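Owing to the predicted nature of the structure, the values given are computational and were not obtained by experimental measurement. Residue numbers begin at 1 in each chain, while the letters A, B, ... track the order of the sequences.
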2 protein chains.
Amino acid sequence: MPSDRLSSTLFALSDPTRRGILARLAIGDATVTELAEPYEMSLAAVSKHLKVLETAGLISRGREAQWRPCRLEAAPLQDVFEWLESYERFWDRSLDSLADYLKVMQNRGPGNKDD
Amino acid sequence: MPSDRLSSTLFALSDPTRRGILARLAIGDATVTELAEPYEMSLAAVSKHLKVLETAGLISRGREAQWRPCRLEAAPLQDVFEWLESYERFWDRSLDSLADYLKVMQNRGPGNKDD
DNA sequence: TATGTATTCAACCGATTGGTTATCAACTGA
DNA sequence: TCAGTTGATAACCAATCGGTTGAATACATA
């Protein structure tokens with residue numbers, strides 16, 4: 001795991017299994033066995049993925065008897081979001097919103113066929 | 001490098017050197033030597049980082065004599081952005097933008113002192 | 001107490017990472 | 001043609017990754 005926070009967050013997110021786990025946790029809290037259910041890998045492998053997510057601060061874990069319920073923690077995601085925002089000007093904004101699109105169409109005037 | 005596009009993008013972004021290279025390219029196109037200048041590692045190491053960024057589609061490269069100018073390609077960043085947006089509801093929106101803050105202030109009307 | 005269930009830990013494995021140095025290739029210009 | 005510059009490639013290395021299996025831990029219940 002890389003040293004700085006943003007790096008470890010992005011690294012944790014770079015695995016499809018871990019993103020799948022986060023997607024499941026977006027529905028609601030879940031135990032390790034519940035999280036592991038969609039995957040063919042061993043429970044120990046999922047446990048490792050959870051540790052990566054936990055050290056990245058992307059999940060937190062409770063204690064209920066022998067269960068360790070996992071919860072999504074989105075703060076690191078916001079860091080990524082904010083980092084990304086400084087690059088927002090580099091991608092095509094015209095597809096971002098219908099409003100932008102309509103603005104373009106209005107400026108072109110009627111009768112224009114070359115779309 | 002992971003198989004799917006989003007994974008390889010996030011993985012490429014998970015290294016601070018590679019993010020630094022992108023930040024430099026956000027200023028403008030640059031050659032490999034220019035990109036390598038801030039780092040103490042060898043040119044070959046930077047070349048490897050560039051290959052990771054290129055296979056992730058985050059940069060493109062031209063040809064000018066013996067130079068291979070690099071250019072930022074932000075399309076994969078937009079994919080990450082869109083993936084992140086589905087998690088936006090999990091973090092606190094109230095600090096997201098000054099616009100939101102001002103909207104709240106306007107709705108409150110003048111003369112309100114309890115900030 | 002013994003048993004079953006949930007989860008982690010430890011050791012191991014092959015593949016990959018991020019770095020090195022040395023070499024090769026492409027191009028410029030004297 | 002030959003030297004200099006730019007960059008990529010190859011071979012190598014220690015460390016890490018993502019997975020495995022097997023044992024250990026923690027708890028509930030009979």
Check: Between B:Arg61 and D:dA8, is there a side-chain N or O to OP1/OP2 distance below 4.0 Å?
Finding: yes
Notebook entry, point to check: When you check every protein heavy atom under 4.0 Å of nucleotides 23-30 of chain D, what one-letter string (B, S, -) results, 5' to 3'?
Noted result: ----BS--
Notebook entry, point to check: Taking atom types as modelled and ignoring hydrogens, do the side chains of A:Arg19 and A:Ser14 form a donor-acceptor contact shorter than 3.5 angstrom?
Noted result: no
Notebook entry, point to check: Hey, is the main chain of A:Gly62 close enough, under 3.5 Å, to the side chain of A:Arg68 for a donor-acceptor pair?
Noted result: yes
Check: A:Thr31 near the nucleic acid: base, sugar-phosphate alone, or nothing, with a heavy-atom cut-off under 4.0 Å?
Finding: sugar-phosphate
Check: Heavy atoms, side chains only, cut-off 4.5 Å: are A:Asp15 and B:Leu10 in contact?
Finding: no
Next item on the list: Please name the residue in the list B:Val46, B:Leu53, B:Ile59 that meets the side-chain contact (heavy atoms from CB on, under 4.5 Å) test with B:Arg18.
Entry: B:Leu53
Notebook entry, point to check: Taking side chain as C-beta onward, heavy atoms only, is B:Glu73 less than 4.5 Å from B:Glu54?
Noted result: no
Item checked: B:Thr31 side chain reached by B:Cys70 side chain, heavy atoms, under 4.5 Å -> no
Next item on the list: State whether A:Arg18 places a side-chain N or O below 4.0 Å from either non-bridging phosphate oxygen (OP1 or OP2) of D:dG18.
Entry: yes
Margin query: C:dG19, OP1 or OP2 - any side-chain N/O from B:His49 closer than 4.0 Å?
Written below: yes
Margin query: I want to verify a distance call: between D:dT9, C:dT8, C:dT17, whose nearest atom is closest to the A:Val32 side chain?
Written below: C:dT8
Margin query: Rounded to whole Å, how long is the line connecting atom CG of A:Leu50 with atom P of C:dT7?
Written below: 9 Å
Checklist line | Rounded distance (Å) that lies between atom C1' of C:dT16 and atom NZ of B:Lys51 | finding: 15 Å
Notebook entry, point to check: Is there side-chain contact between A:Trp91 and B:Phe81, with heavy atoms separated by less than 4.5 Å?
Noted result: yes
Checklist line | Whole-Å gap separating P (D:dT20) and OH (A:Tyr39) | finding: 14 Å
Next item on the list: Report yes if at least one side-chain N or O of A:Ser47 is closer than 4.0 Å to OP1 or OP2 of C:dT8; otherwise report no.
Entry: yes
Check: Are the side chains of A:Glu64 and A:Pro69 in touch, meaning some heavy atoms are under 4.5 Å apart?
Finding: yes
Notebook entry, point to check: Whole-Å distance between C:dT16 P and B:Asp15 CG?
Noted result: 18 Å
Notebook entry, point to check: Roughly, in whole Å, what's the span from CZ in B:Phe11 to P in D:dT16?
Noted result: 14 Å
Next item on the list: Check whether any side-chain heavy atom of A:Leu58 sits under 4.5 Å from a side-chain heavy atom of A:Leu72, and report yes or no.
Entry: no
Atom pairs, N/O to N/O, protein against nucleotides 20-25 of chain C, distance under 3.5 Å?
residue	atom	partner	partner atom	Å
C:dT20	OP1	B:Ser42	N	3.4
C:dT20	OP2	B:Ser42	N	2.8
C:dT20	OP2	B:Ser42	OG	2.8

